[in-house]
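Owing to the predicted nature of the structure, the values given are computational and were not obtained by experimental measurement. Quick note on labels: first sequence line is chain A, next is B, and so on, each numbered from 1.
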Amino acid sequence: MLQTKMNHYDVIVIGGGATGAGTARDCAMRGLKTLLVERKDFTAGATGRNHGLLHSGARYAVTDQESASECISENMILRRIARHCVEETGGLFITLPEDDLSYQAKFVESCQAAGINAEVLDPKEAIRMEPSVNPDIIGAVRVPDGAVDPFRLTTANVVDARLHGADIITYNEVVGFVKNQNRLEGVNLRHIRTGAESTYYADVIINACGIWGAHVAELAGVKINMFPAKGALLIFGHRVNSVVINRCRKPADADILVPGDTISLIGTTSSRIPYDEIDKNEVTPEEVDVLLREGSRLAPVLANTRILRAYSGVRPLVAADNDPSGRSISRGIVCLDHAERDGLEGFITITGGKLMTYRLMAEWATDLACKKLGRTAHCLTAKTPLPGSEQTESPKRKHIIELSTEQKAAEGRHGTMSRYISSHNANDDALVCECEQVSVGEINYAIENLHVHNLINLRRRTRMGMGTCQGELCACRAAGLLGKANGCAERTLSDLSSFLNERWKGMYPIAWGETLAEIQFTSWLYNGVCGINQMVTPNKD
Amino acid sequence: MKYETIIIGGGLSGLLSGIALARAGRKVAIISAGQSALHFSSGSFELIDSEDNPLAAIAQMPSTHPYQTIGLDAVKRYAEAVPALFAEAGVEVSGSVEKNHYRITPIGMAKSAWLTLGDYATLDNATTLPWRKVAIVNFDGYLDFYPKFLDNFFAKRGVDTVHHTLTLAEFEHLRESATEMRATNIARIMTGDLLSKIATELRGRIGDAEVVFMPAVFGMFDAEAVSALRSQVRVPLYFIPTMPASVPGVRTQIQLKNYFQKLGGVYLLGDNVCGGEIRDNKLISVRTANHGDMEFHADNFILASGSFFSHGLIASQEHIYEPIFGLDIVADQARSEWYNQDLYAHQPYMGYGVVTDERLRCRLAGKTVENLYAAGSVLANQNPIAEGTGGGVAITTALFVADQIINA
């Protein structure tokens with residue numbers, strides 16, 4: 001393809017996770033002509049596969065002061081710029097009889113050194129604050145933890161990047177680079193379903209692909225030493241706790257319980273996996289057992305609470321350049337200028353870090369891109385609210401009672417953007433997903449505005465199918481609406497079959513009790529009654 | 001309380017064995033926890049998913065399959081008796097043991113079936129249809145019917161479609177709530193004048209369409225609404241199953257239950273059998289959640305409690321068990337063996353269930369419980385969904401165990 005004004009950008013950002021979306025937003029806000037490309041869907045990698053914890057940084061205070069300080073600073077920023085994605089739940093660090101209480105003093109001291117407001121509570125006070133906590137606790141510290149919805153956060157960054165002129169391409173994988181001597185000049189893309197190839201050019205290319213960044217760097221001819229660390233988590237069927245519960249000890253397996261939206265999450269485990277398994281996202285029965293056993297120590301009721309799903313993500317841990325063995329692994333942010341490091345011009349890698357620091361990572365990467373481009377615009381993302389989180393002068397309504405449950409749910413999910421969702425008529429207000437209160441209006445809003453190509457995209461944008469029935473009853477309804485919008489029944493049906501299989505993927509590791517009963521019902525309905533198994537099931541998410 | 005036979009479970013198996021016993025003059029009680037698979041059914045019953053002669057296909061099944069346990073002759077005999085038995089209960093079905101027909105699924109697939117309720121179209125084959133133009137009619141705001149997918153079904157078979165959406169003032173009240181436009185709620189108001197109004201609308205709209213397809217939201221308690229509507233429209237009118245609850249399925253359950261009660265059977269709804277006393281290889285009595293200390297005694301018992309989804313089997317984090325008596329079952333030990341990671345592949349858990357002797361009597365700790373029979377999906381070594389045998393096994397094993405008791 002010829003290089004034209006149309007396909008030439010200042011910056012191409014590769015990777016549709018929080019970091020990539022945040023970087024595209026930052027670049028676009030600084031006036032750079034920006035293209036964001038993603039292999040699958042936004043949040044399909046580690047962004048959509050973590051705790052959704054708005055870290056106070058307390059977890060890292062003792063072991064990594066730098067990360068702790070970054071976390072608390074970003075924590076305070078996200079509360080301002082991403083109000084609709086954040087829940088200010090507060091957090092507890094509890095000490096159990098089997099833990100060393102003397103760790104608490106060191107913990108509090110380290111938190112204070114990092115600027116984290118840590119307050120020692122009487123255990124009785126902590127139990128009053130969070131009744132689900134293990135009543136045997138012998139110590140408790142309150143910290144400013146919270147919950148953040150990574151799907152909403154990423155979507156809001158994408159929407160804002162677009163509002164600032166960025167172009168967005170999903171379902172296109174980078175299969176190679178255009179290289180001119182020691183300079184990267186463009187990316188070769190291939191559509192993962194149709195196989196259609198295309199080329200886009202840019203002065204600077206930013207690799208924001210998380211763990212997949214090692215592969216993308218390799219395509220560019222440079223080596224980054226990455227160590228994939230898998231973390232598994234469990235989602236419980238309802239909100240067990242209202243305050244984040246952590247264990248006050250050195251970070252270990254299953255020691256964080258986060259309330260998020262309608263559910264609670266326990267995690268994580270941590271295990272090294274081979275690089276060729278980073279797309280598998282499997283959860284083993286052993287991991288489930290560990291999560292349940294340790295989780296029940298935080299909140300005993302978990303032992304008898306229905307589990308909705310198990311899932312896992314892969315942390316992009318990066319080894320220092322002088323340590324190929326990976327012994328000195330950093331959990332901090334890694335921003336590589338490949339011109340300096342490898343003599344390759346026009347290429348930046350931003351990786352490491354964590355969901356909490358996505359904005360700061362974006363800022364670093366964009367600063368470097370601006371430097372390379374000779375631009376002087378400053379970063380505004382720490383101050384400018386994301387779409388949906390703007391402080392509105394006049395409240396939209398006087399009384400909360402004027403809104404129906406699904407309208408309140410939509411406002412929770414889309415913030416002020418929910419004003420664009422059609423409502424107040426019987427057609428738009430009808431519920432598609434009863435578990436999560438997603439209306440026809442919200443589904444159509446997402447289809448039209450939020451880069452929705454299939455049911456999994458739709459789930460990530462709206463929570464449709466994330467509830468107790470795991471899409472059993474709403475998937476078909478949503479498929480009906482999606483099929484109407486895209487005009488292709490065959491594609492939508494094959495999409496429906498993939499969607500159900502993807503739901504099962506999170507269910508089989510916990511396939512006992514009501515989960516097994518539910519999936520038998522789902523099979524009865526979709527295979528037996530509907531015959532969906534006659535459709536081919538391409539693997540895509 | 002004392003009965004000759006107590007049946008645990010009020011689904012298709014429980015009801016049919018109850019009806020057979022009551023017809024033979026036996027004093028029978030059914031204890032039912034509530035809903036059954038019928039409430040979510042397609043409106044068709046499958047004997048086995050096969051393009052050839054179904055009985056020939058059954059003859060090829062593994063020797064442990066419930067069909068093989070009761071024997072090919074019994075399967076044939078009971079299957080042939082079913083349409084007449086259904087008719088007695090007011091349930092109209094068409095179909096034959098000799099050859100499967102096809103039905104149209106909610107998402108526009110052709111699936112083979114043995115018996116199909118009168119509401120639905122039955123097709124001789126999956127690929128060619130007897131129509132050139134069909135009308136697909138939905139109600140405004142009804143989300144559990146998918147005209148686009150049906151359109152796809154007909155288009156693939158070279159049939160033209162026209163679409164209509166009826167907006168009815170009578171639905172306004174339902175639609176005030178965001179969750180009320182569901183099949184059974186709609187069926188409740190589908191009576192008299194509204195049916196005439198719909199018929200008038202259809203007559204004005206269908207033009208040269210040879211046949212009309214609508215969502216199956218007619219006739220909750222009997223099929224009167226279906227025949228009333230049909231009698232007022234000049235072309236054939238067929239229905240397409242909806243997502244749950246299934247109106248024709250609920251109706252079938254109600255009709256079978258009513259017939260069972262008419263025959264003198266006692267139907268205890270909303271109670272759970274939670275245990276029983278087994279002495280000298282015989283079940284003496286059962287206890288229920290609602291009746292506490294008051295035991296139910298009987299000479300014979302039938303376990304028709306269903307599979308996991310009806311809680312006839314329970315999977316815990318550690319193991320799988322039959323929850324009422326702790327009967328001997330077929331199931332793998334390790335949790336990782338219970339399932340396949342592909343939802344559409346063979347799922348081992350589907351084949352789990354209670355083991356029986358050749359007369360379908362259950363076993364406890366290796367010994368036959370002489371007066372406890374099992375029927376339907378609680379039986380081991382079947383895969384109702386993959387084999388397309390769910391309805392057939394439920395029906396034939398139910399009639400088989402009823403005969404075991406009658407002829408004992």
Side-chain angles (χ1 to χ4, degrees), chain A residues 282 284-285 288-289 292 404-406 426-427 429-432 434 437 439-440 473 476-477 479-481 483-484 487-490 492-493 496-497 500-505 507-513 515-535 537, chain B residues 37 40-43 46 105-111 140-153 155-156 171-172 175-176 178-179 181 241 243-244 246 307-311 313-318 320 334-336 338-344 347 349-350 384-386 388 390:
Chain A
E282 269 196 283
T284 64
V288 170
D289 291 346
L292 260 186
S404 65
T405 316
E406 69 268 20
N427 270 339
D429 290 345
L431 278 186
V432 175
E434 293 183 23
Q437 299 278 308
S439 68
V440 170
L473 297 172
C476 220
R477 267 175 220 144
L481 294 171
K484 201 165 148 187
C488 184
E490 284 287 303
T492 306
L493 287 171
L496 177 60
S497 78
L500 295 167
N501 223 345
E502 186 274 342
R503 292 285 82 189
W504 170 234
K505 188 173 183 189
M507 293 168 82
Y508 68 69
I510 47 144
W512 69 84
T515 301
L516 194 63
E518 202 80 55
I519 199 66
Q520 193 177 37
F521 180 46
T522 298
S523 297
W524 164 273
L525 202 57
Y526 283 95
N527 289 348
V529 176
C530 293
I532 190 80
N533 50 330
Q534 293 177 23
M535 296 303 301
T537 58
Chain B
F40 315 105
S41 78
S42 60
E46 302 163 300
T105 81
I107 59 170
M109 305 282 166
K111 256 190 96 93
D140 195 23
Y142 183 56
L143 298 174
D144 292 332
F145 181 73
Y146 316 102
K148 188 88 211 163
F149 299 153
L150 296 172
D151 202 43
N152 183 51
F153 171 85
K156 279 203 283 192
F171 287 172
E172 276 170 22
R175 300 185 64 189
E176 279 169 17
T179 57
M181 273 297 274
M243 291 311 258
S246 153
S307 185
F308 295 99
F309 133 68
S310 308
H311 299 138
L313 295 172
I314 304 278
S316 74
Q317 196 178 346
E318 292 80 30
I320 287 169
R335 212 163 72 211
S336 56
W338 299 351
Y339 53 80
N340 187 296
Q341 297 183 356
D342 179 358
L343 181 61
Y344 305 107
Q347 295 293 340
Y349 77 85
M350 292 276 189
I385 298 166

* Between Gln347(B) and Gln520(A), is a side-chain hydrogen bond (donor to acceptor under 3.5 Å, both in side chains) present by the stated rule, with each step listed? -> CA-CA 10 Å; Gln347(B) 295 293 340; Gln520(A) 193 177 37; over 6 Å; no

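A 4.5 Å side-chain heavy-atom check between Pro106(B) and Val529(A) finds at least one atom pair inside the cut-off. Residues Glu490(A) and Phe149(B) form no side-chain contact, since every pair of their non-hydrogen atoms from C-beta on lies 4.5 Å or further apart. Residues Lys148(B) and Cys488(A) have side chains not in contact (no heavy-atom distance under 4.5 Å, counting atoms from C-beta outward). Taking 4.5 Å as the limit, some side-chain heavy atom of Cys476(A) sits within range of a side-chain heavy atom of Ile107(B). Side-chain atoms of Thr105(B) and Gln534(A), non-hydrogen and from C-beta on, never get closer than 4.5 Å to each other. A heavy-atom distance below 4.5 Å is not found between the side chains of Tyr508(A) and Arg335(B). With contacts defined as side-chain heavy-atom distances shorter than 4.5 Å, the pair Pro244(B)/Phe521(A) qualifies. Side-chain contact between Asn427(A) and Arg175(B) is present, with heavy atoms from C-beta onward closer than 4.5 Å.
Between Lys505(A) and Asp342(B), none of the side-chain N atoms (NZ, or NE/NH1/NH2) sits under 4.0 Å from a carboxylate O, so this pair counts as no salt bridge.
Not a single donor-acceptor pair under 3.5 Å links the side chain of Glu518(A) to the backbone N or O of Phe309(B). Using a distance-only test at 3.5 Å, with no hydrogens or angles considered, no donor-acceptor pair links the side chain of Asn527(A) to the main chain of Ile385(B).
With values rounded to the nearest 0.5 angstrom, Phe308(B) atom CZ is found 5.0 Å from Leu516(A) atom CG.
In this pair, Trp504(A) and Tyr349(B) present their aromatic rings tilted. The plane angle is within the 30 to 60° band.
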